[in-house]
Peer 1: 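Let me begin by handing over the structure; questions about it come next.
Residue numbers begin at 1 in each chain, while the letters A, B, ... track the order of the sequences.
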Number of protein chains: 2
Amino acid sequence: MRRTRFDDHQCPIARTADLLADWWMPLVLRELLLGRRRFNDIQQALEINRSVLAQRLARLVEVGVVERRRYQDHPPRYDFEPTDKGRALWDVLGVMWQFGERWLSDEPAAIEMYDRRTGERIEPAVIDRNTGRPLDPTATRRRRTDDPSVIA
Amino acid sequence: MRRTRFDDHQCPIARTADLLADWWMPLVLRELLLGRRRFNDIQQALEINRSVLAQRLARLVEVGVVERRRYQDHPPRYDFEPTDKGRALWDVLGVMWQFGERWLSDEPAAIEMYDRRTGERIEPAVIDRNTGRPLDPTATRRRRTDDPSVIA
DNA sequence: CGAGTGAGTCCGTCAAATGGACCCACCTGG
DNA sequence: CCAGGTGGGTCCATTTGACGGACTCACTCG
């Protein structure tokens with residue numbers, strides 16, 4: 001299929017969607033961010049087609065979300081390590097987790113996230129940094145910063 | 001293309017990805033949640049193919065994220081209104097906004113979100129509800145709730 | 001009476017996802 | 001010393017969806 005690209009849109013949601021809104025990307029990133037680093041490990045964990053995975057990893061390297069590192073020389077072997085930018089994506093995945101658990105699962109959660117130091121369950125929540133309150137789409141609007149009268 | 005489905009996965013990220021990780025879904029939801037309700041309005045705002053939009057809206061109705069309502073009888077006309085489940089997705093979009101603005105935009109933000117009552121800028125942030133602290137993927141692990149010794 | 005509106009459907013084309021085989025350099029066990 | 005992994009891919013045929021664009025059909029408005 002021809003895929004429409006959004007990476008040149010002004011809207012930050014569109015730019016993020018261009019990177020992340022692909023079936024496999026969130027799962028590939030989940031594996032990378034929770035510690036899997038090697039091509040074959042990820043491929044087997046996700047049962048993803050090898051060429052699709054190769055292409056997704058190449059994209060992640062290209063946009064600077066992971067680094068491809070040579071971890072041995074003979075024969076050359078590579079792995080994939082998240083950058084700061086990649087780790088920042090965990091916020092998005094964490095909130096996807098929270099949404100999926102609350103709204104897309106029938107039974108009580110079969111898997112949970114926890115802090116490996118304290119053992120405590122982790123429950124991501126989204127707030128507005130300025131007010132500390134939850135987001136409310138019905139009260140939210142967009143505006144151009146160069147001309148606040150224009151509603152984007 | 002054949003698309004692999006994740007809606008039966010245990011992992012909440014996979015379930016959410018199955019719904020949202022499609023190029024158009026975040027943008028369609030952005031429009032719906034920020035107030036656009038009608039097929040033609042959304043189609044023109046996004047410049048999305050009409051049959052693709054029809055299919056995406058049908059999916060959103062099917063999973064209960066929006067409701068299709070008849071708003072006039074002669075001739076029958078329909079619009080699409082987010083449900084509570086749909087409004088809950090705003091958290092995900094808000095965090096995608098934040099990521100895109102911080103990591104995918106070069107120039108200072110051209111568009112911002114604000115509260116239509118107070119006029120204040122909105123900056124979504126993700127915290128752990130229990131500790132109030134930001135998420136840290138390097139400290140995060142998964143476990144099965146039925147058997148905490150199994151690392152998922 | 002003709003144009004426009006709203007919410008779609010239908011069609012041909014093109015490209016990406018999929019399953020599966022293949023590759024090749026090195027390492028390991030017997 | 002040779003067979004069988006292992007790691008990180010590439011290549012191929014098939015299928016399916018995205019895309020652009022035209023068409024529909026029941027009204028309503030001027």
Peer 1: Tell me: CZ of A/R38 to P of D/dT6, nearest whole Å?
Peer 2: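 One finds 12 Å between P of D/dT6 and CZ of A/R38, rounded.
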Peer 1: I need the CG-C1' distance between B/D41 and C/dA7, as an integer number of Å.
Peer 2: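 It works out to 12 Å between those atoms.
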Peer 1: Can B/L20 and B/L29 be said to form a side chain to side chain contact (heavy atoms under 4.5 Å, CB included), step by step?
Peer 2: CA-CA 9 Å; B/L20 205 62; B/L29 280 163; 3.4 Å; yes
Peer 1: Can you tell me how far P of D/dG9 sits from CD1 of A/I42, to the nearest Å?
Peer 2: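 To the nearest whole Å, that distance equals 10 Å.
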Peer 1: Quick one: B/D79 CG to C/dG8 C1', roughly how many Å, whole number?
Peer 2: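 In whole Å, C/dG8 C1' and B/D79 CG are 15 Å from each other.
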Peer 1: Take atom CD of A/E47 as the centre, draw a 6.0 Å sphere, and report whether it contains more than 12 heavy atoms from other residues, nucleotides or ligands.
Peer 2: no
Peer 1: With ring centroids as reference points, do A/F99 and B/W90 lie under 6.0 angstrom apart?
Peer 2: no
Peer 1: Just checking B/R68: base, sugar-phosphate only, or nothing, at a heavy-atom cut-off of under 4.0 Å?
Peer 2: sugar-phosphate
Peer 1: For nucleotides 24-30 of chain D, give me one character per nucleotide, 5' to 3': B if any protein heavy atom sits under 4.0 Å from the base, S if the only such contacts are to the sugar-phosphate, - if neither.
Peer 2: --BSS--
Peer 1: Whole angstrom is fine here: how far is it from CG in A/N40 over to P in D/dG5?
Peer 2: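 Atom CG in A/N40 sits about 15 Å away from atom P in D/dG5.
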Peer 1: What is the separation between atom OH on B/Y78 and atom P on C/dT9, rounded to the nearest whole Å?
Peer 2: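 Going from OH in B/Y78 over to P in C/dT9 covers 12 Å.
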Peer 1: Just jot down the side chain to side chain donor-acceptor pair (under 3.5 Å) partners of A/R77, sequence neighbours excluded, or say none.
Peer 2: none
Peer 1: Compute whether any side-chain donor of one residue and acceptor of the other, for B/R2 and A/N49, lie under 3.5 angstrom apart.
Peer 2: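 No.
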Peer 1: Report yes or no: is the cationic atom of A/R37 (NZ for Lys, CZ for Arg) closer than 6.0 Å to the six-membered ring centre of A/F80, at no more than 45° off its axis?
Peer 2: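 No.
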Peer 1: Mind checking side-chain contact (heavy atoms from CB on, under 4.5 Å) for B/E67 and listing every partner two or more places apart, or none if nothing turns up?
Peer 2: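 Once residues adjacent in sequence are excluded, the partners of B/E67 under the side-chain contact (heavy atoms from CB on, under 4.5 Å) criterion are B/R69, B/T83.
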Peer 1: Establish, yes or no, whether the cationic atom of A/R143 lies under 6.0 Å from the six-membered ring centre of B/Y114 and within 45° of the ring axis.
Peer 2: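 Yes, A/R143 sits over the ring of B/Y114.
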Peer 1: Roughly how many Å is it from CD in A/Q44 to C1' in D/dG9, rounded to a whole number?
Peer 2: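 Computing the A/Q44:CD to D/dG9:C1' distance gives 13 Å.
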Peer 1: Estimate the overall bend of the helix from C/dC1-D/dG30 to C/dG30-D/dC1 from the end axes over five pairs each, rounded to 10 degrees.
Peer 2: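 It works out to 10° between the end axes.
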Peer 1: Can you give me the closest heavy-atom contact between A/V126 and B/P124, atom names plus distance?
Peer 2: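 Looking at all heavy atoms of both residues, the shortest contact is CG1-CB, 4.1 Å.
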Peer 1: Going by the rule side-chain contact (heavy atoms from CB on, under 4.5 Å), which residues pair with B/A54 if we only count those two or more places apart in sequence or in a different chain?
Peer 2: B/F39
Peer 1: Reading nucleotides 15-24 of chain C from the 5' end, what letters show protein touch, with B for base, S for backbone sugar-phosphate only, - for no heavy atom under 4.0 Å?
Peer 2: BBBBB-B---
Peer 1: I need the CD-P distance between B/Q43 and D/dC19, as an integer number of Å.
Peer 2: 12 Å
Peer 1: Between B/Y71 and C/dA7, does any side-chain N or O lie under 4.0 Å from OP1 or OP2?
Peer 2: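 Answer is yes, contact under 4.0 Å.
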Peer 1: Surrounding CZ of B/R133 (heavy atoms of other residues, nucleotides or ligands, distance under 6.0 Å), is the total greater than 12?
Peer 2: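 It does not: B/R133 CZ has 12 such atoms or fewer within range.
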